[in-house]
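In each ligand, atom 1 is the first atom listed, and ligand 1 is the first ligand listed. Here the structure is a predicted model, which is why all the values come from computation and not from measurement.
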Amino acid sequence: MYTPPSSIIVFTLILIATGAHPEQPEPEPETPVTRFQTYLRIKTAHPNPDYASAVSFLKSQAESIGLKTRTLHYAPNKPLLLLTWPGSDPTLPSLLLNSHLDSVPAEPSKWAHPPFSAHRTPDGLIFARGAQDDKCIAVQYLEAIRNLKGSNFNPIRTVHVSYVPDEEIGGVDGAAKFAVSDEFKELKVGFVLDEGQANPGDEFRVFYADRTPWNLIVKAEGMPGHGSRMFDNSAMENLMESVEVMTRFREAQFDEVKAGNAAHSEVISVNPVYLKAGIVSGDGYAMNMQPSEAEAGFNIRIPPTVDPELVRKRIAEEWAPQARNLTYQLIEKGPSRDYMGRPLMTPTDDSNPWWSVFKQAVAAAGGKLAKPEILASTTDARFMRQQGIPTLGFSPMTNTPILLHDHNEFLKDTIFLKGIKVYESVISALSSFEG
Ligand code: ZN
């Protein structure tokens with residue numbers, strides 16, 4: 001046990017008497033990690049993301065490193081922050097670094113540390129909703145630019161950074177509107193980097209396409225009847241036949257994944273998400289009645305390698321044919337093809353000069369890229385690809401479990417810092433390339 005000399009005790013008593021607080025630690029000096037933590041503590045989860053605080057923090061950071069800032073609105077109370085670092089040759093197409101401001105909700109009771117505490121453990125794990133998806137890249141872009149500016153690097157191409165709202169709810173009032181806006185056209189974007197995903201292994205993952213989400217609602221109508229009677233074409237029979245046909249299709253796709261012939265993201269996924277039927281009676285259902293209506297909902301994901309028209313045809317002819325008294329509603333959440341009718345895929349070979357520069361820049365920072373992948377889910381990148389702009393999904397996180405949208409989402413401080421170095425290399429290379 002440590003016993004302080006009496007002179008320290010007296011000194012402490014004087015400080016307490018004069019109202020000073022020696023027990024309060026000095027405020028920690030700001031570092032890239034503490035700035036990351038500050039951003040993580042802003043409550044950006046749906047359904048009420050605090051966009052104002054997020055934008056105000058990022059804007060002050062951007063101003064502190066001398067970037068131009070603009071706040072755009074494509075819907076009320078949904079700001080989009082755009083930062084610009086002008087290049088020496090504004091006639092060249094620019095580089096855009098995108099990330100979304102919002103996060104999915106978190107259930108605090110399921111977390112080891114509160115999801116907006118950004119608690120950092122002694123071994124450097126920073127716990128927060130958004131630590132991986134995708135507040136890490138939001139801050140890494142800024143830190144990389146801060147370091148490049150500090151080393152007197154000057155870009156040839158202009159570098160823009162966009163922070164968009166609502167990605168987690170489909171991007172309708174965010175990237176979707178931004179990508180078709182006059183402001184976006186004026187940026188003359190030649191290449192976009194958007195969010196990717198972590199890798200438990202030691203290679204960086206990179207995504208050249210997303211799957212397109214479709215929601216399908218199949219409705220059946222038929223003769224109602226007594227529960228005891230057997231007759232053809234009841235609503236339930238017709239719907240269940242559809243469910244069976246779709247289940248067989250699903251199994252065939254899944255078998256390709258199980259056999260190792262395709263990744264999850266390379267097949268069409270079809271998953272039932274709800275079933276609705278029956279006549280409600282009291283606390284339960286009328287068990288002696290066959291209902292005249294029945295309905296099922298499906299989540300479908302289409303990879304860009306599949307012709308969406310063939311899937312539309314299959315739905316109309318096999319999954320919900322009129323002949324079986326079925327109707328359907330198909331909601332396509334986002335584009336499947338670009339403005340030229342081409343699949344939304346960014347080439348990852350020598351035909352795309354941006355790819356070669358990007359790949360070399362990652363290697364120059366000591367990183368290795370994994371085989372480029374299609375993302376199984378969806379990001380805002382699809383709206384950029386729809387404009388015909390090459391776009392890669394990339395969040396530099398190696399040796400990190402994939403925890404986006406999961407409980408206890410975290411990122412290790414050293415991985416976060418290494419990502420800044422990777423972006424320094426990538427941003428300097430992409431903004432210097434004149435090809
Ligand atoms: Zn995300």
query = Would you say Tyr51 and Asn77 make side-chain contact, with heavy atoms under 4.5 Å?
reply =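 Answer no - side chains too far apart.
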request  = Please tell me if the side chains of Phe249 and Thr247 come closer than 4.5 Å, counting only heavy atoms from C-beta onward.
outcome  =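 No, side chains not in contact.
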key: Any donor-acceptor pair under 3.5 Å from Ser60 side chain to Phe57 backbone   =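 Checking the backbone N and O of Phe57 against the side chain of Ser60, a donor-acceptor pair under 3.5 Å is found.
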Backbone of Ser53 reached by a side-chain donor or acceptor of Asp50 within 3.5 Å =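 Side chain of Asp50 to backbone of Ser53, a donor-acceptor pair under 3.5 Å: yes, one is there.
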inquiry  = Just checking: Asp134, one of its N/O/S atoms, less than 2.8 Å away from the Zn ion (ligand 1), yes or no?
reply    =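 Given the 2.8 Å cut-off, Asp134 does not count as a ligand of the Zn ion (ligand 1).
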Heteroatom test (N, O or S) for Asp133 near the Zn ion (ligand 1), limit 2.8 Å =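 True for Asp133.
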query = When you draw lines from the Zn ion (ligand 1) to NE2 of His100 and to OE2 of Glu195, what angle lies between them, to the nearest 10°?
reply =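 My answer is 80°, to the nearest 10°.
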